[in-house]
Amino acid sequence: MKIVLCLPFRPYLAALLMALLVVLPAAGRTAGFEELVERLPHGSYADRAKVIDAISRTGDPRAAEVLNALLEGRLHARKDDGRIVILVDSAGGATAIDALSGENLGGVLAGSTEKIKTNNRLRGMLRTAIGALSLMSPDRETRLMAAQSVFASGDPANIEALDAALAAESDRQVATALAEARAVAILDTDAPVEEKRAAVAILRARGDAAAQAALAPHASDPAIGNEVREALSRIEQAQRVWAIAQNVWYGLSLGSVLMLAAIGLAITFGVMGVINMAHGELVMLGAYTTFAVQEAIRGAAPWLFDWSLLIAAPLAVLVAGSVGIAIERGIVRHLYGRPLETLLATWGVSLILQQAVRTIFGPNNREVGNPSWMSGAFEIGQMTVTWSRLWILIFALAVFFALLLVLRRSFFGLQMRAVTQNRPMAAEMGIDTGRIDALTFGLGAGIAGLAGVALSQIDNVSPNLGQSYIVDSFMVVVFGGAGNLWGAFAGAFGLGITNKLLEPWTGAVLGKILMLVFIILFIQKRPRGLFALRGRAAEA
Amino acid sequence: MARLIDRRMGVFLAGLFILTVALPMASSAAAGQLVPAYLVSLVGKYLCYALLAVALDLVWGFCGILSLGHGAFFALGGYAMGMYLMRQIGPRGVYGDPVLPDFMVFLNWQELPWFWLGFDRFWFAALMVMAAPGLLAFVFGWFAFRSRVSGVYLSIITQAMTYALMLAFFRNEMGFGGNNGLTDFKDILGLDLTAASTRTGLFVASAVALAGGLMIARWITASRLGRVLVAIRDAEERTRFLGYRVEHYKLFVFTVSAAMAGVAGALYVPQVGIINPGEFSPANSIEIVIWVALGGRGTLIGAALGAFLVTLAKTVLTGWLPELWLFALGGLFIMVTLWLPGGVLGAIETGLTRLRAFASMRTKEIET
Amino acid sequence: MKRRQFLKGSVAASAFLAAPALVRAQTAPIKVGILHSLSGTMAISETTLKDVMLMLIEQQNRAGGLLGRPLEAVVVDPASDWPLFAEKARELIEKDQVAAVFGCWTSVSRKSVLPVFKELNNLLFYPVQYEGEESERNVFYTGAAPNQQAIPAVDYLMSEDGGGVERWVLAGTDYVYPRTTNKILEAYLKSRGVAPEDIMINYTPFGHSDWQTIVSDIKAFGSAGKKTAVVSTINGDANVPFYKELANQGISAEDIPVVAFSVGEEELAGLDTAPLVGHLAAWNYFMSVDTPENADFIAKWHAFIGDESRVTNDPMEAHYIGFNMWVKAVEKAGTTDPDAVIDAIVGVSVPNLTGGFSTMMPNRHITKPVLVGEIQENGQFSVVWETPGLVVGDAWSDYLPDSAKLISDWRAPMSCGNFNVELGRCGGA
């Protein structure tokens, strides 16, 4: 029934075989470095793989640089004369450097050279080859990377190079990495049992999944099987403990996102009693502000990019806050005493804001980049912590405590508490309640904008951004107990951690359903949330 | 009986009756299709929404329970009907399996899950249309009202309920067709769903259900029970101190309302041709609240009117201003809350009263 | 512009005086329905398709219209609301009397409008890759069926060039397309000798945004020593946070490549692709494909939309193919009457944008090349593999037991979409 016009594979395999026939003898002749490099642009990926392998074996001092350029996509062939060049970024565009002679050929026009293509497999090969070639590099980071890529390849052919590098190495971390790489390689040779046992011990000390993977094939080895099995079970035990820690960290991170999204709502909804359905859209405005700031920076001052979030944050507060104040003055103000109708009006506002953003920025996702200090991850033991999540957690906590300080210690906070607790009395005391209402709503909205800045780092920046957080935000505020900032804090982190501890057991979908059921049941037990207000205010 | 139908209700029911008779006639071939045939199903759909709005107004307008999860009851009723319609397909599915619906066949299910049993009979499905949402509301309400969960807390946990159900129904393993839901229906009670006569039948049934729902709601709210409900809405603690078992009253009206929403869903599904988990989405439930608020909370007729108006606006605007309709709809919501505090119905009545006052003034002037 | 309209109008007016009825039939515009969500969750993907349809219609009108009549686009907004799709489809066909409809993205929206198209006998061109298991008389599937996307992609990854993958993570959003595709892939992988413990299947809810746990699970699964790849059927919206998490946790394409079926140029436009270089996608078209047809299409698109930074993607090409097929079929039939066009369109062949021709097959699916591309730093894909010829879309998968028995051929005498070869008759009635 499947009418395949052409079988995808057979002709392809044939081509591959042919390529092998062509390349193998050539490589066998131990072609020179120059000849090999010149052959790079031609043939299939499989051909290129052979050539790369041959280049790395030439031992030519230029090999590392050429291969590195190939890996980074900077190795091009000139369209006119086929010369292989390395492109280097310079002030007025790219400059070409002859890959063989190192001669500077001056600037190149876009489109006058063709990139030598690589694919995943080739890049993997390149990394290993470069690794083996750069074990002795003067740069510590390069050596570390090299050791790691040699570790990943586990190729016994590298043992000699590793030995040499180990002897010369003075940095402890790099030396450990080298020793580990050597250990993996040793296991695959017929080295004496003693040496293999030492290798097992080294890997056991490393104790991560990669060590596990390296050890696993040797579990039934007659000579060292016992040691390997014991090491494996030790690693597994440790991993289980680390997994719990990892999940708690994920929970904290999810909690911080929930808290950021919900904390503005804890003010508008919790403190003022306004059901603000446009809260999600205020978050979205914050994210779009970040986008706009980054766009401006990309155009005008690329060197400022790492600062983009710090610039965007106050602007987001300003944008979302002033929209919030406008909503309060224009609409919500007329509805105090009719809290449920704020739902209808703010729902209308949310539709308008969504469509407005769609009209201005288009319906597609917008790219918000991570500044360099928010990219990547670091390891604590066997636990991976991504920088973006860590910064968001720190940011969330900072926002929370700053807010707490404003409410508890500032004059504005005092006035705000007075108005929410007893409006007529506050008015009697000479507080301009209207102004305080507007500012409170603006504060809640501004914080929603701040949340948007943080969320733009980990989520879509699209007109739908707000919608995806609004339901969760309400859950957090209600779970924690409306009207109490600490409630939102405990609610967010409680739900975050519970969710993440459940997820490995139940999967993401069921985990989320269970969370919701849990909230429903929890509210039965504490009908006014975790941190219920006591006394008369609770009935109001 | 006379007390049940006041003037407002009388006018509304008369209007509904005229619509029910006139629309199918006008769209029939005999009348030369004065209005396009698709209007029958379209208005039938509006009528289902109106019934749903009445159901919500019964709990929100008269008992103060702001349910943000009424879409769930509507959808459950719809699924019960959808399951009946799926079973009616029988061996006419694409894979020709005599029992299993198509989506089960291609996901390699071997037999019908237990909860699908019985849905091949109309009476059973009709019972489940009310029983499934009713039971959910009963259990949910029993817990919630007994624990005295109220106000926004109640609203948000009803939202959690519908959200959880949405996620659950999205799961293919649940056996309800996952995201695609139930579709490709062929006939109901042996009648071809695409036939004009069946459409008219469903349309009339929806109108009757709406009238019935209005009467039941009216009967409940006008009775002694109804006055207790209003008392609960306005001062729950005080009513409790007077010796009323507040939770029983709430539970009763919540369950009735859920069953009513279920009926609305059941009539909606064959006219729309699909039921899927999207109906459970929290946004849909919020929209129901908006219909009621826009029409006029606590008036029943206003709720029906609100549902009718908003969905009509959506139909017209999405075709007429596809890129701008959200601005128009959002603006409408804001304006209604700001300037028509009693909703559309309230505005109409104020207008009428003023007109009458003006007219009587004029008559007086003429008389003098 | 104004003058041209006036001229057209005055010509029409004078003709109108001469022979009213005849001329009206000959010059009244042919209406084309566009049924794509412009608001709600799917607007993010579908709005572009509305724009591309408007562009195609404008071009056709500039080239003299169709059958001597201008085309007129009727745009409605079904607002990502599935029952509203059915309502709007009915409105387009009954009220606006459109000759054909181009629209829908999600499967559920297609399922929702399907009964309407059957009942009112009109044409729907559906431009998105989907799970298959459907072949209806009134629907033309110009997107990829699973055998035009998923299976070739897996084949590539299994090959030496693709890295010789032995261990598979099938990660998807929990709905019908990923479920079905993964069922097909699971059966296919097992038939190619992959052990069950080397397949991990994971589902997440719609719009899932916290990928920490799943990405670290993938990392753990991938560190077992065998080459591992992720086959992602994660739905549009959830992809951005997924890729951001992948990048942040440092999973590079060389360690664990991710091949996606729902991630194209448009989705990447919302991402910093530098850390994602090398992750893959399988489609039937990439913007980077170097053919004159494609260059022309991109230039026209940029001119139409007025923004040089806008990308093109696979569903846009599908509409391009579908629209041209419809135009050709209408010309062949000499009328826009749905029955005549439906009969005429089978076998119609039009150029696609990747340098070949796509043909409408009797099973309502089209022939397409399958391309596998790697993500580049500039947000484009570089093609690393393609099928040597065209692949015919297969409505019924061979890897699902009940569906393997079905064949589809809408030509007489069979004229049905689900002929059961075991029972010797068509399913459904």
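Order of the sequence lines sets the chain letters (A, B, ...), proteins ahead of strands, with each chain counted from 1. Small disclaimer: the values here were computed from a predicted structure and weren't measured.
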**Asked** Just wondering, are more than 12 heavy atoms of other shown residues or ligands nearer than 6.0 Å to CZ in B:R146?
**Response** yes

**Request:** Counting only heavy atoms closer than 4.5 Å, note whether B:W60 contacts chain A via side chain, backbone, both or neither.
**Result:** side chain

**Asked** Which bit of B:A283 is near chain A, if near means a heavy-atom gap under 4.5 Å: side chain, backbone, both or neither?
**Response** both

**Prompt:** If you count the non-hydrogen atoms of other residues, nucleotides and ligands that lie under 6.0 Å from CZ in B:F143, is the total more than 12?
**Reply:** no

**Prompt:** Looking only at heavy atoms, what is the nearest atom pair of B:Y153 and A:I523, with distance?
**Reply:** CD2-CD1, 4.3 Å

**Proximal component of B:R297, with respect to chain A [non-hydrogen, under 4.5 Å]** = side chain

**Message:** Take a 6.0 Å sphere around CZ of A:R435 and say whether it holds more than 12 heavy atoms from other residues, nucleotides or ligands.
**Reply:** no

**Message:** Shorter than 4.5 Å, heavy atoms on both sides: which option in A:L514, A:L510, A:L521 has the most such pairs with chain B?
**Reply:** A:L510

**Message:** Taking the side chain as everything from C-beta on, heavy atoms only, tell me whether B:V152 gets closer than 4.5 Å to A:F474.
**Reply:** no

**Contact class of B:L66 relative to chain A, heavy atoms under 4.5 angstrom** = side chain

**Asked** Are any of the side-chain heavy atoms of A:Q467 and B:P282 separated by less than 4.5 Å?
**Response** no

**Message:** Show, in sequence, the C-alpha distance, side-chain angles and deciding distance for A:R358 and B:E323, and conclude whether the side chain to side chain contact (heavy atoms under 4.5 Å, CB included) test is met.
**Reply:** CA-CA 10 Å; A:R358 207 170 269 138; B:E323 321 240 3; over 6 Å; no

**Greater than 12 external heavy atoms within 6.0 Å of A:W486's CH2** = yes

**Complete:** When the 4.5 angstrom heavy-atom criterion is applied to A:L335 and chain B, the contacting part is side chain

**chain B contact via A:F479 - which portion, at a heavy-atom distance below 4.5 Å** = neither

**Message:** Does any backbone or side-chain atom of A:M277 lie under 4.5 Å from a heavy atom of chain B? Answer side chain, backbone, both or neither.
**Reply:** side chain

**Request:** Measure the shortest side-chain to side-chain distance between B:F140 and A:I520 over non-hydrogen atoms and say whether it is less than 4.5 angstrom.
**Result:** yes

**chain B-proximal positions within residues 343-356 of chain A [heavy-atom distance under 4.5 Å]** = A:L343, A:L344, A:A345, A:W347, A:G348, A:V349, A:L351, A:I352, A:Q355, A:A356

**Message:** If the contact rule is any heavy atom under 4.5 Å from chain A, which residues of residues 160-171 of chain B qualify, in numerical order?
**Reply:** B:A160, B:M161, B:Y163, B:A164, B:L167, B:A168, B:R171

**Request:** Check whether any side-chain N or O of A:Q524 sits under 3.5 Å from a backbone N or O of B:S147 as a donor-acceptor pair, and report yes or no.
**Result:** no

**Item:** Residue selection (most heavy-atom pairs with chain B, distance under 4.5 Å) from A:V509, A:T342, A:V477
**Value:** A:V509

**Request:** Flag yes if more than 12 heavy atoms outside B:F327 fall under 6.0 Å of its CZ atom; otherwise flag no.
**Result:** yes

